[in-house]
Amino acid sequence: MSKKYIYDDNKNGPFYVHDACIACDTCTDIAPKNFKLTHDYDHAFVYNQPNSNNDISLCNEAIDACPVGAIEKY
Ligand code: SF4
């Protein structure tokens with residue numbers, strides 16, 4: 001069984017991106033305060049964990065919208 005790799009650049013907290021990410025930019029459009037792509041456009045990561053209910057909702061929306069299921073929560 002292959003184990004997913006959780007990117008080190010995710011900020012500590014409940015939301016994270018793992019190596020299924022194809023850098024499609026969907027989560028960064030939905031929740032730009034929390035997700036961004038690496039400078040080389042290799043993958044997205046959580047650079048800021050959401051605090052407000054609205055931002056948490058947007059991050060949950062990003063989970064649902066991610067085409068490859070690369071965003072998860074602890
Ligand atoms: S929506 Fe999913 S595949 Fe697209 S950039 Fe975000 S984590 Fe990566």
Side-chain angles (χ1 to χ4, degrees):
M1 195 174 87
S2 67
K3 197 171 182 315
K4 68 193 169 207
Y5 173 75
I6 297 170
Y7 288 117
D8 290 337
D9 35 20
N10 289 294
K11 185 145 187 182
N12 281 342
F15 290 87
Y16 61 88
V17 176
H18 62 72
D19 61 358
C21 176
I22 55 171
C24 74
D25 235 359
T26 300
C27 58
T28 55
D29 277 346
I30 294 172
K33 286 159 69 178
N34 305 101
F35 294 91
K36 68 177 167 189
L37 293 181
T38 56
H39 290 298
D40 60 1
Y41 304 105
D42 181 67
H43 61 270
F45 63 102
V46 178
Y47 74 98
N48 188 27
Q49 292 286 341
N51 287 313
S52 70
N53 286 338
N54 187 55
D55 288 348
I56 291 167
S57 293
L58 290 172
C59 287
N60 283 322
E61 210 177 291
I63 287 178
D64 292 340
C66 177
V68 292
I71 308 168
E72 293 183 6
K73 281 188 283 190
Y74 286 112

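Atoms within a ligand are numbered from 1 in the order they appear, just like the ligands themselves. Side chains are part of it too, since the values below use all heavy atoms of this structure and drop only hydrogens, waters and symmetry mates.
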Enquirer: Measure the distance from atom 7 (S) of ligand 1 to every protein heavy atom, then report the residue, atom name and distance (to 0.1 Å) of the closest one.
Expert: Ile71 CG1, 3.6 Å
Enquirer: Give the atoms of ligand 1, by number and element, whose distance to some non-hydrogen atom of Ala23 is under 4.0 Å.
Expert: 5 (S), 8 (Fe)
Enquirer: May I ask you to identify the nearest protein heavy atom to atom 4 (Fe) of ligand 1, giving residue, atom name and distance to one decimal place in Å?
Expert: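 So the nearest neighbour among protein heavy atoms is Cys24 SG, 2.3 Å.
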Enquirer: Closest non-hydrogen protein atom to atom 6 (Fe) of ligand 1, residue and atom name please, with distance?
Expert: Cys27 SG, 2.3 Å
Enquirer: Can you name the atoms of ligand 1, numbered from 1 with element, that are less than 4.0 Å from a heavy atom of Asp25?
Expert: 4 (Fe), 5 (S)
Enquirer: Taking 2.8 Å as the cut-off, does an N/O/S atom of Cys21 lie below it from atom 4 (Fe) of ligand 1?
Expert: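 Under 2.8 Å: Cys21 has no N, O or S contact with atom 4 (Fe) of ligand 1.
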Enquirer: What I want to check is whether the side chains of Asp40 and Thr38 have a donor and an acceptor closer together than 3.5 Å.
Expert: yes
Enquirer: Just need the protein heavy atom nearest to atom 3 (S) of ligand 1, so name the residue and atom and give the distance.
Expert: Ile22 N, 3.4 Å
Enquirer: Could you list the atoms of ligand 1 found under 4.0 angstrom from a heavy atom of Thr26?
Expert: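 In order of numbering, the contacting atoms are 1 (S).
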Enquirer: Looking at Tyr41, I'd like to know if its OH atom is crowded, meaning that more than 12 non-hydrogen atoms belonging to other residues, nucleotides or ligands lie closer than 6.0 Å.
Expert: no
Enquirer: At a 4.0 Å threshold, what atoms of ligand 1 neighbour a non-hydrogen atom of Val68?
Expert: 3 (S)
Enquirer: Considering heavy atoms of the protein only, find what lies nearest to atom 2 (Fe) of ligand 1 and give residue, atom and distance to 0.1 Å.
Expert: Cys66 SG, 2.2 Å
